[in-house]
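Accompanying notes for the structure given below.
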Amino acid sequence: MNDRFLRACRREPVDRTPVWLMRQAGRYLPEYRALRAKHDFLEMTRAPELAAEVTLQPVRRFGMDAAILFADILTPIAGAGYEVAFSPGPVMARPVRSEADLALLLRFDPEEAVPETLETIRLLRRELDVPLIGFAGAPFTLACYLVDGKGTKDFALTRGLLYRDPDFGRRLLDALAASLVAYGLAQVRAGAQALQVFDTWGGLLGEREYEEFNVPVLRRVFAELRPAGVPLIYYMNGPARLDVAGSLGADVVGIDWRTCMAGARRALEGVAAVQGNLDPLALLAPEEVVRERVRDVLRRAGPGPGHVFNVGHGIHKDTPPESVAVLVEAVRRGAAE
Ligand code: CP3
């Protein structure tokens, strides 16, 4: 098996920087759209053969160094019995606003809630010769969708809740943390070889709220996932909290394009690998610019071990697939070319 992704996560030497891309499976790929024309998104995530096929599409086409399970951060929430629609982002039929709304979450059992996702992982492990990344939404990021009910600019209801009713906010985050851990451990038992925790909206929290609400919950999550024995990745969108990122317990810290790569490498040296951080919109540029930007990221990351090449946020749906091929080829060639 090609294990340079896992080796880089552990900060071991590699022959070249490994590459995979957030949202590498998705709407920018014609072969995804062809399947999607025939099936609803949720239906695709719940059909192991289809979900496995979509996971494999970018690996086959581009030769990525890792595959990421095709599902959504809301998949376990839907599986727990909350009504979630996608249009295209998640929309909750009844947002979570009170203690009673936590009942389904507190009963979450991955084998019952998401058997199809676990089956998808088992199917994929038979097909793949690169590592399979499982994932889950971080508690605060999931809370954003549960409380606000859909994607919004600043998730004002969720952030407001933490000020208005911090006790309920904490119970909500604790319930999400417990389900995240159960879900992550189940993915690893099914065959996932790394786990990424997506805290996409964690960067919306104020400095103090991030420390009071997010840091303790994330530390617990990573400590409880640790016995799974696979590399753990923490991803947050927005300028990274490099003062605390290294203390959360993740092996890899994913940074976005606004975060200084060299600064992140210095701050996390000897502590965690760094994943990132090309601006996904750079893929809309002409080929030679894509190549140059890839080399720039590689140079900023430097030659030391522990860099996983990625975009700083998911690939945009208008990305030409050819640009992704150019990116992957440029990572293979390295910083010097
Ligand atoms: O390729 C992969 O990265 C694996 C699959 C994956 C999806 N969603 C598939 C998807 C992963 C890892 C996610 C995570 C996810 N989902 C996050 C965290 C990462 C991030 O991008 O910030 C978040 C915030 C969501 C919530 C979500 N789901 C949004 C905002 C959207 C719509 C917008 C978009 O980017 O496409 C979705 C729907 C969704 N999830 C699609 C896919 C392929 C598109 C659905 C369609 O085909 O209509």
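Order of appearance sets the numbers: ligands from 1, and atoms from 1 within every ligand. The residues of the chain are indexed from 1 along the displayed sequence. Hydrogens, waters and symmetry mates play no part in the numbers below; they use all other heavy atoms, side chains included.
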Close approach of Leu69 to ligand 1, heavy atoms, under 4.0 angstrom: yes

Heavy atom of the protein closest to atom 19 (C) of ligand 1 (residue, atom name, distance): Phe198 CD2, 3.3 Å

Check: Phe140 ring centroid to Phe213 ring centroid under 6.0 Å: no

Asp296 and Arg300 ion-paired at < 4.0 Å: yes

Which segment of Lys317 sits under 4.0 Å of ligand 1 when only heavy atoms are counted: neither

Check: Arg23 N/O within less than 3.5 Å of ligand 1 N/O: yes

Side-chain donor-acceptor contact under 3.5 Å, Asn2 with Asp65: yes

Near-ring test Tyr32/Phe41, centroid separation under 6.0 angstrom: no

Asp72 side chain to Thr75 side chain, donor-acceptor N/O pair below 3.5 angstrom: no

Side chain, backbone, both or neither: the part of His313 lying under 4.0 Å from ligand 1 by heavy atom: side chain

Salt-bridge criterion met for Glu112 and Arg107 (N-O under 4.0 Å): no

Ala71 and ligand 1 - part of the residue with a heavy-atom distance under 4.0 Å: backbone

Greater than 12 external heavy atoms within 6.0 Å of Arg293's CZ: no

Salt bridge Glu119-Arg122, side-chain N to carboxylate O under 4.0 Å: yes

N or O contact, Tyr145 vs ligand 1, cut-off under 3.5 Å: no

Donor on one side chain, acceptor on other, Arg258 and Asn277, under 3.5 Å: no

Option whose closest heavy atom lies nearest to atom 25 (C) of ligand 1, chosen from Thr45, Ile73, Val54: Ile73

Minimum-distance protein heavy atom relative to atom 42 (C) of ligand 1: Phe41 CE1, 3.5 Å

Ligand-side contact atoms (ligand 1) for residue partner Arg36, heavy atom cut-off under 4.0 Å: 46 (C), 47 (O), 48 (O)

Sub-4.0 Å heavy-atom contact, Tyr235 with ligand 1: no

Under 3.5 Å: N/O of Trp201 near N/O of ligand 1: no

Asp148 side chain to Thr158 side chain, donor-acceptor N/O pair below 3.5 angstrom: yes

Close approach, Gly314 and ligand 1, non-hydrogen under 4.0 angstrom: no

Check: Pro90 N/O within less than 3.5 Å of ligand 1 N/O: no

Closest protein heavy atom (residue, atom, distance) for atom 18 (C) of ligand 1: Thr200 OG1, 3.3 Å

Identity and distance of the protein heavy atom lying nearest atom 38 (C) of ligand 1: Pro88 O, 3.3 Å

NZ/NE/NH1/NH2 to OD/OE distance under 4.0 Å, Arg60 and Glu31: no

Sub-4.0 Å atoms of ligand 1 with respect to non-hydrogen atoms of Phe70: 43 (C)

Contact check: Asp72 vs ligand 1, nitrogen or oxygen atoms, below 3.5 angstrom: yes

Atoms of ligand 1, numbered as shown, that sit under 4.0 Å from any heavy atom of Gly89: 29 (C), 31 (C), 32 (C)

Check ion pair Asp101-Arg94 (N to O, under 4.0 angstrom): no

Atom 44 (C) of ligand 1: nearest protein contact (heavy atom, Å): Arg27 NE, 3.7 Å

